[in-house]
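Owing to the predicted nature of the structure, the values given are computational and were not obtained by experimental measurement. The chains referred to below are lettered A, B, ... by the order of the sequence lines, with proteins before strands, and numbering in each begins at 1.
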2 protein chains.
Amino acid sequence: MAARGQAGPATIEDVARAAGVSRSAVSKVIRDAYGVSPAMRERVTAAIERLGYRPRVSARGMRGKTFTLGIEIPDLANPFYPLLLAGATAALSGTPYQLVIAPADPAHSEGYRALQALVDRQVDGVIAVSPLVEQAWLSEVSATVPLVMLGRHDRAEEYDTVVSDDEAGALTVMRHLFDLGHRDIAHLTGEPEDSDPGFGVPQAIRLQAYRTAMQEAGLGDRINIAHVPGVTAGAHRAALRLLAETERPTAIVACHDEPALEVLRAVADAGLTADDVSVAGYDGIAIAGHPGISLTTMRQDGERMGRRSVELLLERLAGRTAPRHEVVEPDLVVRSSTRPPRALGGR
Amino acid sequence: MAARGQAGPATIEDVARAAGVSRSAVSKVIRDAYGVSPAMRERVTAAIERLGYRPRVSARGMRGKTFTLGIEIPDLANPFYPLLLAGATAALSGTPYQLVIAPADPAHSEGYRALQALVDRQVDGVIAVSPLVEQAWLSEVSATVPLVMLGRHDRAEEYDTVVSDDEAGALTVMRHLFDLGHRDIAHLTGEPEDSDPGFGVPQAIRLQAYRTAMQEAGLGDRINIAHVPGVTAGAHRAALRLLAETERPTAIVACHDEPALEVLRAVADAGLTADDVSVAGYDGIAIAGHPGISLTTMRQDGERMGRRSVELLLERLAGRTAPRHEVVEPDLVVRSSTRPPRALGGR
DNA sequence: CACATGATGTAGACCGATCTACAAGAGGCG
DNA sequence: CGCCTCTTGTAGATCGGTCTACATCATGTG
């Protein structure tokens, strides 16, 4: 922003005129292309400075690139997603690329809409976080623009993926609870249709791991799954229901930290404590470490996941064609929300 | 997305050819402009459908609009901001506009960079949340594109603003604490240079209100202000220092909920409880209502603020030229983090 | 019946960049 | 000295839309 010729912001034409050179020359300087003499660069740069010229991304996008990467995110209210963004933003600093976020409500069709909006805007690369769009559709998108699917376990040929090892993570949580002595462990997750493991959604993988762990521990008959519509929104009520059962579970595992917070709230509302019911979450959001919450959780390195996603995109833009599928290992953070069950010597 | 002619996604040219009409005709149909017969609309729509045609925003932006509104947000990790986004997104549903978010680290120059990135992308309107950019610069920006400053109290002639009544809110918190019997009340806020009331930043207004309230209560000599670099990041240490003072304050008011959470953590770390030190925040983030936290706070209707910002932009796009400055009233939510001071019979 | 009016569709300029092809000039070399 | 190569800068096509001006045709009207 600075003084400009007449109507509206300066264009490349204005700069060319001011510097006494051609448009092409200015363009070369901007793009740092081959064939510019130091003298010319000097004059053009000065003119750019003087006019406060900024190239318009729309115009650049017509032929070249937009220097924009888009990330589609469902539900920014979930504090795990900002972690991804922090990592993505960090990975982009120092590059000429700008990150733009398209928010999408978690509702089904919203993911499509938001991703489509990014594609319409000619972004140079897309990161998709919405788990509920069809793989085939993503493949089609990736024919137009490089794409990274973040968080879902599908090893597509057409695009890259970055995921956390949800199976190992969920099994680790279960082992932790078994080690504490729990046998009546309930699992709280989303609606059944989203939990089909074929879809590759994290919560589906975690649910499957829960089943496997219970079976292998010989507790197949104690499997207790609460499918909650809207997960976080319905978690409080669902948890109250679990807590009112005659054979109350001694531990509840939620598919994410956010619903786990609601479970904790329900535990408090029911007049119970962590000595009565252990609660474990999954994600490792920051508030889980607050002394008033102190939630045991599997911490996913969201920042790393966001960073790697961007790096994979940049590699694609640099020419890579073979798909890559990255796995990030989560780690268990034990806090005071999980304790031995009362009957076995819990204080 | 669907079948397309040859290389790359279909263009308006392809649609025109497929429908046997001119580009202009297709353009008219897309824009729902005057002069299209039902028959023509029919044929064109069918062709669009068949080819899976989507107009490219870059190309549209060259002459017309981009149907994109941009919002610049510092620090998405602060859960108050997603509230704004939720409101903004909601206000946009049903309109042809798409919201894109440009993330900016809270560092000073980042706000400029992110806002500039949005302007470069030819958005039809901008919402700025970063409080630390100069008013004059914003005025310049608003010569190019309609702008709403969200959260800062400057009644500029060139652009609209949406703010919460921070003065009334902060005074309300103080009255609440006075009513409980507190007299030694400390205030925790950001760095002094950001607290100049002339800047209009919320935390500056709140700090000023704290001063006023203390003065008017005859407690001018007990004013105790902790200026913390990086607010949230430094709040924990700063709170520990306050708690270690010989004349320990009986209440601590933070300029935002996020640092207030850190104060609560410090209180716990120091082996104290809400009976020893009351804590109040400001913003009304959701987690403050969790039983493990239970933080007294001034709730700002972030969703409403986001919604109003978008509505003001839409009005501008519809032709309004006179600036509007909206004020939203916050309300006090009393929870168990504030109690009467021990000396006066707090149990 | 000649003419004004209004509805519908098309041609082509235009937006602001990029990028290819090429011209002009400077050195290098046999 | 003539030719070749390399560097530097320019002209002009191009991207995919929008938008203005205008042509065409059907209809209403005096």
Original post:
Got a sec, which pairs hit ring-ring contact (aromatic ring centres under 6.0 Å, His included) with one end in residues 65-103 of chain B, sequence neighbours left out?
Top reply: B:Phe67-B:Tyr97
**OP:** Mark up nucleotides 12-19 of chain D, 5' to 3', with B wherever a protein heavy atom is under 4.0 angstrom from a base atom, S wherever such an atom reaches only the sugar-phosphate, and - elsewhere.
**Re:** BBBBBBBB
Original post:
Can you name the salt bridge (Lys or Arg N to Asp or Glu O under 4.0 Å) partners of A:Arg152, sequence neighbours left out?
Top reply: A:Asp154
Original post:
A:Met40 CE to C:dG25 C1': how many Å, rounded?
Top reply: 15 Å
**OP:** Please name all residues satisfying side chain to side chain contact (heavy atoms under 4.5 Å, CB included) with A:Val36, sequence neighbours left out, ordered by chain then number.
**Re:** A:Lys28, A:Val29, A:Met40, A:Arg41
Original post:
For B:Asp301, which residues count as a salt bridge (Lys or Arg N to Asp or Glu O under 4.0 Å) partner, sequence neighbours excluded?
Top reply: none
**OP:** Report which part of the nucleic acid A:Val57 touches: base, sugar-phosphate, or nothing (heavy-atom distance under 4.0 Å, all strands).
**Re:** nothing
**OP:** List in chain and number order the residues that pass salt bridge (Lys or Arg N to Asp or Glu O under 4.0 Å) with A:Arg155, two or more places apart in sequence or in another chain; answer none if no residue qualifies.
**Re:** none
**OP:** Could you tell me which residues satisfy salt bridge (Lys or Arg N to Asp or Glu O under 4.0 Å) with A:Arg308, sequence neighbours excluded, listed by chain and number?
**Re:** A:Glu311, A:Glu326
Subject >> Partner residues of B:Pro82 under the side chain to side chain contact (heavy atoms under 4.5 Å, CB included) criterion, sequence neighbours left out >> reply: A:Leu76
Subject >> Net bend of the helix from C:dC1-D:dG30 to C:dG30-D:dC1, end axes of five pairs each, nearest 10 degrees >> reply: 50°
Report, one pair per line, the protein and nucleotides 5-7 of chain C atoms (nitrogen or oxygen only) whose separation is under 3.5 Å.
from, atom 1, to, atom 2, distance (Å)
C:dA7, OP2, B:Tyr34, OH, 2.6
C:dA7, O5', B:Tyr34, OH, 3.3

Subject >> A:Arg23 backbone acceptor or donor facing A:Ser27 side chain under 3.5 Å >> reply: no
Subject >> For atom CZ of B:Arg41 and atom P of C:dG9, their distance in whole Å >> reply: 10 Å
Original post:
Which residues pass the side chain to side chain contact (heavy atoms under 4.5 Å, CB included) test with A:Thr11, sequence neighbours left out?
Top reply: A:Glu13, A:Asp14, A:Arg56
Original post:
With sequence neighbours excluded, what pairs up with A:Ser58 under the side-chain hydrogen bond (donor to acceptor under 3.5 Å, both in side chains) test?
Top reply: none
